[in-house]
K.L.:
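Below is a structure I'd like to ask you about.
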There are 2 protein chains.
Amino acid sequence: MSLRYALLGLLADEAGSGYELTKRFERSLDRYAWHAKHNQVYQELNRLAADGLAEVVEEGARGRKTYAITEAGRADLRHWLLNPPRTPVVRNEFVLRLFLLFALDPKEARSVLADYAAAVQRDLDALTALVESANFDPHDGVLPDPLAFGHLAAGFGLHMLPASRDWAQWAITQIDNQTGEDAGHEGARETGTSGGDGSAEDGGATKGSGAVEETPGS
Amino acid sequence: MSLRYALLGLLADEAGSGYELTKRFERSLDRYAWHAKHNQVYQELNRLAADGLAEVVEEGARGRKTYAITEAGRADLRHWLLNPPRTPVVRNEFVLRLFLLFALDPKEARSVLADYAAAVQRDLDALTALVESANFDPHDGVLPDPLAFGHLAAGFGLHMLPASRDWAQWAITQIDNQTGEDAGHEGARETGTSGGDGSAEDGGATKGSGAVEETPGS
DNA sequence: CAACGACATGTAGAAGTTGACACGTGACGG
DNA sequence: CCGTCACGTGTCAACTTCTACATGTCGTTG
C-alpha cells in the first residue's frame with residue numbers, strides 16, 4: 001500500500017498528471033524512500049480515482065489527465081502518516097550488497113567499498129551544490145519553504161550521505177587493519193578490480209583491537 | 001533477484017536450514033538491507049538447489065534440511081557483488097512516511113518526528129549495548145572478526161542511526177523555527193498525538209534563515 | 001501419556017512490481 | 001509537410017512478495 005500513499009503525498013503537495021507525478025517521484029522519493037515505474041503510477045492513479053481518494057480535475061492535450069487529492073484522500077493519507085506499523089519494510093539493494101561483502105576476499109571488498117564511498121561523495125557534492133544554489137525552480141528540486149517536501153528530503157540526504165560514506169571508509173580501515181595484522185604480505189596496496197579509483201582513502205586509524213570502534217557515539 | 005543473493009550471502013557465511021536462515025535473516029539483513037518472510041526463504045532455497053547454487057548437505061529431525069552453498073553459488077554471488085546495477089532499488093516505508101510529513105500540520109509532524117527520533121535512539125542504545133558487550137555468541141549477533149558479516153552490519157547501524165536521529169531533530173528545529181516565525185501563537189508546545197514522550201528534544205538552534213543548515217558537512 | 005508450545009516446512013491465492021511492448025500527440029527542424 | 005523526438009498514457013505476461021492457512025514433530029510439563 002505504500003505506493004498509494006506516496007502518490008497521495010505527492011498529490012497533497014500539488015495536483016498533477018501521471019507523467020508529471022512520475023517525474024516528481026523520480027526526483028524526490030526514488031532515491032531514499034520508494035521506487036516505482038511509470039506504469040505503476042498510472043494504474044494506481046486510476047485506482048485512487050476509483051476509490052474516491054483522488055479525482056480528475058482537468059483533461060488536457062494528448063489525453064493528459066490532471067489528478068488532485070480529495071478530502072477523503074487527505075484523511076486517508078493523514079491516517080497512514082499518524083499510524084506507523086510496528087515493522088515497516090525496508091529493501092535496499094545497495095546496502096544488501098555492502099553487507100555481503102565478506103563473501104569476497106579483502107582486496108575485492110575494499111575496492112567495492114572505495115567505489116561506493118566515491119559514488120556517495122559524488123551524490124553528496126551534487127546535493128550540496130543544489131542546496132547552496134538556494135534559489136531553484138520550485139519544480140526542480142528543493143523548495144525554500146522549510147516545511148516543504150523537498151526541504152526535508154534534502155536535509156535527509158545531507159545527513160545520511162556523509163554517514164554512509166563514513167561507514168564505507170570505516171569498513172575500509174577495518175579491512176586494512178585485518179589484512180595488515182594477519183596477512184601482512186598483501187594488505188594495503190592498490191586494488192584495481194572494477195575500476196576503483198582510490199579517491200575515498202582515509203588517513204589515520206591504525207588502531208583496532210577487534211571490537212567495533214571509531215564510530216560516532218550516541 | 002536480491003532475495004536469492006541475500007540467501008547465498010548468508011549461506012556463504014555458514015550453511016543452515018530454512019528455519020535457521022530465516023532467523024539469521026531477521027537478525028541481520030531485515031532492518032537495513034532486505035526484508036523477506038519465512039515462506040519466501042523456503043521457496044528460494046528450493047530454487048537455489050534446483051539451480052545448483054546450493055545443495056542439501058544434511059537432513060535432520062523434523063524434515064530439517066541443511067543447505068550449503070556450492071561452488072557455482074559462490075561464483076554467482078561473487079559476480080553479483082562485483083557488478084552492481086546502475087540504479088538499485090530502494091524501498092523504505094519509514095523514510096517514505098517521514099518525507100510525506102509536510103502533509104500533516106506542524107505540530108503533528110513534530111510529534112511523529114519526535115517519536116521517530118526516540119525510537120531510533122532506542123535502537124541505537126540497544127545496538128551500542130550489544131557491541132560493547134563485545135563477547136557475544138557468534139550466532140547471536142556481531143562476530144568478533146572485523147571482516148565478518150555482523151561486524152559490518154553493526155558498524156553500519158552505529159553510523160547510520162545517529163545520522164537518522166540527528167536528521168529528525170534537525171527537522172524538528174526546522175518546524176519550530178517555521179511555526180515560531182509565521183505562526184507564533186501555536187508553535188512549540190507539547191504535542192501529545194500518538195504518545196510522543198518528548199525524550200528526543202533538542203536544545204539550542206534558534207537560528208534558521210530559510211536554507212538548509214546545521215547539517216554535517218562533507 | 002495427553003496437552004501444549006516452540007520448532008520446522010510448506011501450499012495457495014491475491015496483491016504488488018517489472019520489463020517489454022504499443023500507440024497516439026505536439027513541437028520543431030529541414 | 002515530413003521525419004523525428006520528447007511527451008503522455010496505457011496493456012500484458014512474468015515474476016516477486018504477502019497473507020493466510022496447513023501439517024507434522026519434538027520436548028516439556030502435569
Side-chain angles (χ1 to χ4, degrees), chain A residues 1-8 10-11 15-27 29-30 33-51 53-54 56-67 80 85-93 96 139, chain B residues 1-8 10-11 15-27 29-30 33-51 53-54 56-67 80 85-93 96 139:
Chain A
M1 298 264 72
S2 293
L3 170 63
R4 156 158 295 199
Y5 293 106
L7 283 173
L8 282 179
L10 291 179
L11 287 175
S17 67
Y19 187 81
E20 198 190 333
L21 288 162
T22 301
K23 299 260 287 275
R24 275 203 268 158
F25 216 107
E26 282 163 7
R27 243 186 286 114
L29 298 177
D30 202 70
W34 204 263
H35 173 79
K37 312 262 185 214
H38 79 276
N39 51 0
Q40 236 182 320
V41 170
Y42 287 116
Q43 284 177 40
E44 192 61 38
L45 283 172
N46 280 331
R47 266 179 243 139
L48 245 22
D51 294 349
L53 305 181
V56 177
V57 291
E58 189 195 328
E59 307 210 15
R62 294 180 236 184
R64 178 197 193 98
K65 282 180 282 184
T66 303
Y67 291 84
W80 181 80
R86 339 85 211 135
T87 52
V89 167
V90 172
R91 286 203 172 89
N92 191 327
E93 201 183 307
L96 176 60
H139 290 282
Chain B
M1 297 263 75
S2 293
L3 170 62
R4 154 156 300 198
Y5 294 106
L7 283 173
L8 281 178
L10 291 179
L11 287 175
S17 65
Y19 188 81
E20 198 189 333
L21 287 163
T22 301
K23 299 259 288 274
R24 276 204 267 157
F25 217 108
E26 282 164 7
R27 244 187 285 113
L29 298 176
D30 202 70
W34 204 263
H35 172 79
K37 312 260 185 218
H38 78 276
N39 52 358
Q40 238 182 316
V41 170
Y42 287 116
Q43 285 178 40
E44 192 60 37
L45 283 172
N46 280 332
R47 268 178 241 139
L48 245 21
D51 294 349
L53 306 181
V56 177
V57 291
E58 189 195 327
E59 308 210 14
R62 294 179 237 183
R64 177 195 193 101
K65 284 181 279 186
T66 303
Y67 292 84
W80 182 79
R86 340 83 210 135
T87 51
V89 167
V90 173
R91 287 204 173 88
N92 191 327
E93 202 182 307
L96 176 61
H139 290 285

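Values below: every heavy atom of this structure, side chains too, minus hydrogens, waters and symmetry copies. Below, chains carry the letters A, B, ... as their sequence lines are ordered, and counting in each starts from 1.
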K.L.:
Atom CD of B:Gln43 and atom C1' of D:dT17: how far apart are they, to the nearest Å?
P.N.:
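Result: 9 Å.
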K.L.:
Taking CE from B:Met1 and C1' from D:dC15, how many angstroms apart are they, rounded to a whole number?
P.N.:
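To the nearest whole Å, that distance equals 9 Å.
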K.L.:
Given side chain to side chain contact (heavy atoms under 4.5 Å, CB included), test B:Asn46 with B:Lys65 step by step and report yes or no.
P.N.:
CA-CA 11 Å; B:Asn46 280 332; B:Lys65 284 181 279 186; 4.2 Å; yes
K.L.:
Using whole Å, report how far CG of B:Leu7 lies from P of D:dT17.
P.N.:
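The answer, rounded to whole Å, is 10 Å.
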K.L.:
Do A:Asp30 and B:Val90 have side-chain heavy atoms sitting under 4.5 Å apart?
P.N.:
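Of all side-chain heavy-atom pairs linking B:Val90 with A:Asp30, none is under 4.5 Å.
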K.L.:
How about B:Glu93 and A:Pro85: do any of their side-chain heavy atoms sit closer than 4.5 Å?
P.N.:
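Sidechains of A:Pro85 and B:Glu93: in contact.
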K.L.:
Sequence neighbours left out, what passes salt bridge (Lys or Arg N to Asp or Glu O under 4.0 Å) with A:Arg91? Give chain and number order.
P.N.:
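Checked A:Arg91 against salt bridge (Lys or Arg N to Asp or Glu O under 4.0 Å); zero matches.
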K.L.:
Give A:Arg91 one of three labels, base, sugar-phosphate or nothing, depending on what nucleic acid heavy atoms sit under 4.0 Å from its own.
P.N.:
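Sugar-phosphate, backbone atoms only, no base.
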K.L.:
Between B:Leu29 (CG) and D:dT17 (P), how many Å, whole number?
P.N.:
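For the pair B:Leu29 CG and D:dT17 P, the rounded distance is 13 Å.
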K.L.:
Please write out the pairs of protein N or O atoms and N or O atoms of nucleotides 5-7 of chain D separated by less than 3.5 Å, giving the distance to one decimal.
P.N.:
unit_1	atom_1	unit_2	atom_2	d
D:dC7	OP2	A:Tyr19	OH	3.0
D:dC7	O5'	A:Tyr19	OH	3.4
D:dC7	O4'	A:Arg62	NH1	3.2
D:dC7	O3'	A:Arg62	NH1	3.4
D:dC7	O2	A:Arg62	NH1	3.3

K.L.:
What is the first contacted nucleotide of DNA chain C and what is the last, in 5' to 3' order, if contact means an atom lying under 4.0 angstrom from a heavy atom of chain A?
P.N.:
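Counting from the 5' end, contacts occupy C:dG16 to C:dG26.
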K.L.:
Can you tell me how far P of D:dT23 sits from OH of B:Tyr42, to the nearest Å?
P.N.:
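In whole Å, D:dT23 P and B:Tyr42 OH are 17 Å from each other.
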K.L.:
Atom CD of A:Glu26 to atom P of D:dG8: distance rounded to whole Å?
P.N.:
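Checked: the CD to P distance equals 13 Å.
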K.L.:
If the condition is salt bridge (Lys or Arg N to Asp or Glu O under 4.0 Å), which residues does B:Glu44 pass it with, not counting sequence neighbours?
P.N.:
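B:Arg4, B:Arg47.
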K.L.:
Hey, is the main chain of B:Arg64 close enough, under 3.5 Å, to the side chain of B:Tyr19 for a donor-acceptor pair?
P.N.:
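Answer holds: no.
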K.L.:
Can you work out whether B:Arg47 or B:Lys37 has the more 5'-proximal nearest nucleotide on DNA chain D?
P.N.:
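Its nucleotide being nearer the 5' end, the pick is B:Arg47.
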K.L.:
How close or far is atom C1' of D:dT17 from atom CH2 of A:Trp34, stated in whole angstroms?
P.N.:
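Taking atom C1' of D:dT17 as the reference, CH2 of A:Trp34 is at 11 Å.
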K.L.:
Of A:Glu44 and B:Ser17, whose closest DNA chain C nucleotide lies nearer the 5' terminus?
P.N.:
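It is B:Ser17 whose nearest nucleotide is closer to the 5' end.
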K.L.:
Heavy atoms only, 4.0 Å cut-off, all strands: where does A:Thr22 land among base, sugar-phosphate and nothing?
P.N.:
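No contact.
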K.L.:
Evaluate the criterion side chain to side chain contact (heavy atoms under 4.5 Å, CB included) for residue pair B:Leu45 and B:Leu21; output intermediate values, then yes/no.
P.N.:
CA-CA 10 Å; B:Leu45 283 172; B:Leu21 287 163; 3.8 Å; yes
K.L.:
What is the separation between atom CD on A:Gln40 and atom P on D:dC12, rounded to the nearest whole Å?
P.N.:
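Spelled out: CD on A:Gln40 to P on D:dC12 is 17 Å.
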K.L.:
Indicate, yes or no, whether a donor-acceptor pair under 3.5 Å links the base of D:dT9 to the side chain of A:Asn39.
P.N.:
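Answer is no: no donor-acceptor pair is held.
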K.L.:
Under the side chain to side chain contact (heavy atoms under 4.5 Å, CB included) rule, collect the residues that match up with A:Ala6, sequence neighbours excluded.
P.N.:
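Applying side chain to side chain contact (heavy atoms under 4.5 Å, CB included) to A:Ala6 gives A:Phe25, A:Leu29, B:Leu96.
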K.L.:
Tell me what A:His38 touches on the nucleic acid: a base, only sugar-phosphate, or nothing, going by heavy atoms under 4.0 Å.
P.N.:
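It contacts base atoms.
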K.L.:
Does the side chain of A:Lys65 get closer than 4.0 angstrom to OP1 or OP2 of D:dG8 through an N or O atom?
P.N.:
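No, outside the criterion.
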K.L.:
Does a side-chain heavy-atom distance below 4.5 Å link A:Val41 with A:Leu7?
P.N.:
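Result yes, sub-4.5 Å side-chain heavy-atom pair found.
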K.L.:
Restricting to side chain to side chain contact (heavy atoms under 4.5 Å, CB included), what partner residues turn up for A:Gln40, sequence neighbours left out?
P.N.:
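Side chain to side chain contact (heavy atoms under 4.5 Å, CB included) list for A:Gln40, sorted by chain: A:Leu3, A:Ala36.
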